[in-house]
Amino acid sequence: MPVCSTDLESHRPALLRYALFRLPDRALAQDAVQDTFIAALEKPESFSGEAALGTWLTAILKHKILDMQRKLRRETTPTDDWEEDLSDLDTLFDHTGHWGSDAPRSWGKPEAALQDQQFWSVFEECSQRMSKRSALVFALREVHEMEIEQIGQQLEITAAHCSVLLYRARSSLRLCLEKNWFGGAR
Amino acid sequence: MLQCKQAARLLSQAQDTPLNLAQRWQLRLHLSLCDRCRHFQRQLGFMRRAARAAARLGSSDIVS
């Protein structure tokens, strides 16, 4: 079954979105999609035509992402934000330990946002603002639903470190969503 | 009495591991008095649902 590049191109946005939520940054996600297209064009015979093209491409993409995640785990070395130090988050609180000016406000009924395409671009944007390591841990925990002990083993960090990275990721995402979506008149 | 700073940290932790009895009690007391931390708690739950929904969206062709 022949595969042509214009067919592939129509699947790019969906594949990119799939990759974005599993990899820590846009450049990596774009690489993963590109690698998928190359693999698809090189081995068109592995596409039986029984499955939808999108399904087949997603299956290839999944493997590319797994490879990249494996590589990232090997490459990420303990530096700055692996530290258990949370002082960068102290600015969220005043000297008495109470929330400061960025205190959480009500998001009303946030589920409605899940139906809104614009919300997803904000969500994506906000996810990209986390550090790479935080984003990786966040994806492994929240999307892949791995336990923090498992994540810790894979990344060779303690579960406590992992917990700190998650706290940092969540705080960053929360603040960004509140400022850019749930804040103000919404 | 917990400070918000400690409560927020515990709320994040509670998403990943069960808290011990003392932590649960302290948190419950704090949450009964602090609407900001209650917002934080709800937002953590929502962000988890959103992250999962995002991953599902990405695997279908609904959003282009």
Side-chain angles (χ1 to χ4, degrees), chain A residues 10-22 52 54-55 58 61-62 86 89-90 92-94 96-99 103-107 110-111 113-114 117 119-120 123-124 127 138-139 141-145 147-149 151 159 162-164 166-171 173-174 177-178 182, chain B:
Chain A
S10 68
H11 289 277
R12 186 185 291 274
L15 293 171
L16 186 59
R17 189 166 287 270
Y18 182 90
L20 274 172
F21 288 107
R22 289 167 172 82
T55 313
T58 308
L61 179 60
K62 266 184 201 169
L86 283 169
L89 293 175
D90 281 354
L92 291 173
F93 303 93
D94 65 20
T96 62
H98 288 94
W99 290 100
R105 281 175 283 172
S106 170
W107 286 2
E111 314 300 323
L114 301 179
Q117 290 221 11
F119 171 76
W120 291 116
F123 190 85
E124 189 185 305
S127 308
F138 184 79
R141 175 74 192 124
E142 305 293 35
V143 179
H144 295 266
E145 303 184 38
E147 296 298 331
I148 56 169
E149 287 75 16
I151 301 174
C162 199
S163 160
V164 166
L166 282 167
Y167 181 47
R168 195 176 271 129
R170 287 164 180 151
S171 296
L173 183 60
R174 190 205 79 73
L177 288 177
E178 185 156 299
F182 294 107
Chain B
M1 174 80 186
L2 286 183
Q3 299 175 337
C4 296
K5 199 169 144 179
Q6 299 160 321
R9 178 85 181 85
L10 281 179
L11 286 169
S12 174
Q13 249 173 278
Q15 297 269 306
D16 311 311
T17 39
L19 300 179
N20 67 36
L21 193 62
Q23 289 170 324
R24 288 206 301 276
W25 267 105
Q26 285 178 308
L27 204 50
R28 219 164 123 183
L29 178 65
H30 184 93
L31 288 174
S32 70
L33 300 168
C34 179
D35 57 348
R36 293 165 160 197
C37 286
R38 282 202 298 275
H39 293 323
F40 186 70
Q41 184 182 38
R42 270 187 228 117
Q43 291 165 3
L44 287 175
F46 171 74
M47 289 191 292
R48 168 165 287 176
R49 292 194 294 282
R52 286 177 191 166
R56 281 198 300 276
L57 271 186
S59 58
S60 69
D61 291 343
I62 303 167
V63 174
S64 57

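Source: prediction; values computed, not measured. Note that these values count all heavy atoms, side chains included, but never hydrogens, waters or copies made by symmetry. By convention in this document, chain letters (A, B, ...) are assigned in the order of the sequence lines, proteins followed by strands, and residues within each chain are numbered from 1.
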J.: Sequence neighbours left out, cut at 3.5 Å: what donor-acceptor pairs do the side chains of residues 26-40 of chain B make with other protein atoms?
T.:
residue: B:His30; atom: ND1; partner: B:Leu2; partner atom: O; Å: 3.1
residue: B:Ser32; atom: OG; partner: B:Leu29; partner atom: O; Å: 2.6
residue: B:Arg38; atom: NH1; partner: B:Leu31; partner atom: O; Å: 2.5

J.: Taking every heavy-atom pair that is under 4.5 Å apart, which of B:Gln13, B:Gln43, B:Gln6 has the most such pairs with chain A?
T.: B:Gln43
J.: At a 4.5 Å cut-off on heavy atoms, which part of B:Gln15 comes close to chain A: side chain, backbone, both, or neither?
T.: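 Both parts, heavy atoms under 4.5 Å.
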J.: Between A:Arg174, A:His98, A:Arg170, who has the most heavy-atom pairs with chain B when the cutoff is under 4.5 Å?
T.: A:Arg170
J.: Let me confirm one number: the CE-OG distance from B:Met47 to A:Ser127, rounded to the nearest 0.5 Å.
T.: 10.0 Å
J.: Does any heavy atom of chain B fall under 4.5 Å from the side chain of A:Ser10, the backbone, both, or neither of them?
T.: neither
J.: Would you call A:Tyr167 and B:Leu44 a side-chain contact if the rule is heavy atoms closer than 4.5 Å?
T.: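 No, side chains not in contact.
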J.: Using the salt bridge (charged side-chain N to carboxylate O under 4.0 Å, His left out) rule, collect all pairs that involve residues 39-50 of chain B, keeping only residues at least two apart or in two chains.
T.: A:Glu111-B:Arg49, A:Glu142-B:Arg48, B:Asp16-B:Arg48
J.: For B:Ala8, which atoms come within 4.5 Å of any heavy atom of chain A: side chain, backbone, both, or neither?
T.: both
J.: Using non-hydrogen atoms and a 4.5 Å limit, figure out which bit of A:Leu173 sits close to chain B: side chain, backbone, both or neither.
T.: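 Answer is both: backbone and side chain atoms of A:Leu173 are under 4.5 Å from chain B.
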J.: What are the two closest heavy atoms between A:Val143 and B:Ala55, and how far apart are they?
T.: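 Closest pair (atom of A:Val143, atom of B:Ala55, distance): CG1-CB, 3.4 Å.
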J.: With heavy-atom distances below 4.5 Å as the criterion, would you say the side chains of B:Thr17 and A:Glu147 are in contact?
T.: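 Sidechains of A:Glu147 and B:Thr17: no contact.
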J.: Which atoms form the tightest heavy-atom contact between B:Ala54 and A:Trp120, and what is the distance?
T.: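 Here B:Ala54 and A:Trp120 meet closest at CB-CZ3, 3.4 Å.
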J.: If I measure from the heavy atoms of chain B, does A:Leu177 come under 4.5 Å with its side chain, its backbone, both, or neither?
T.: side chain
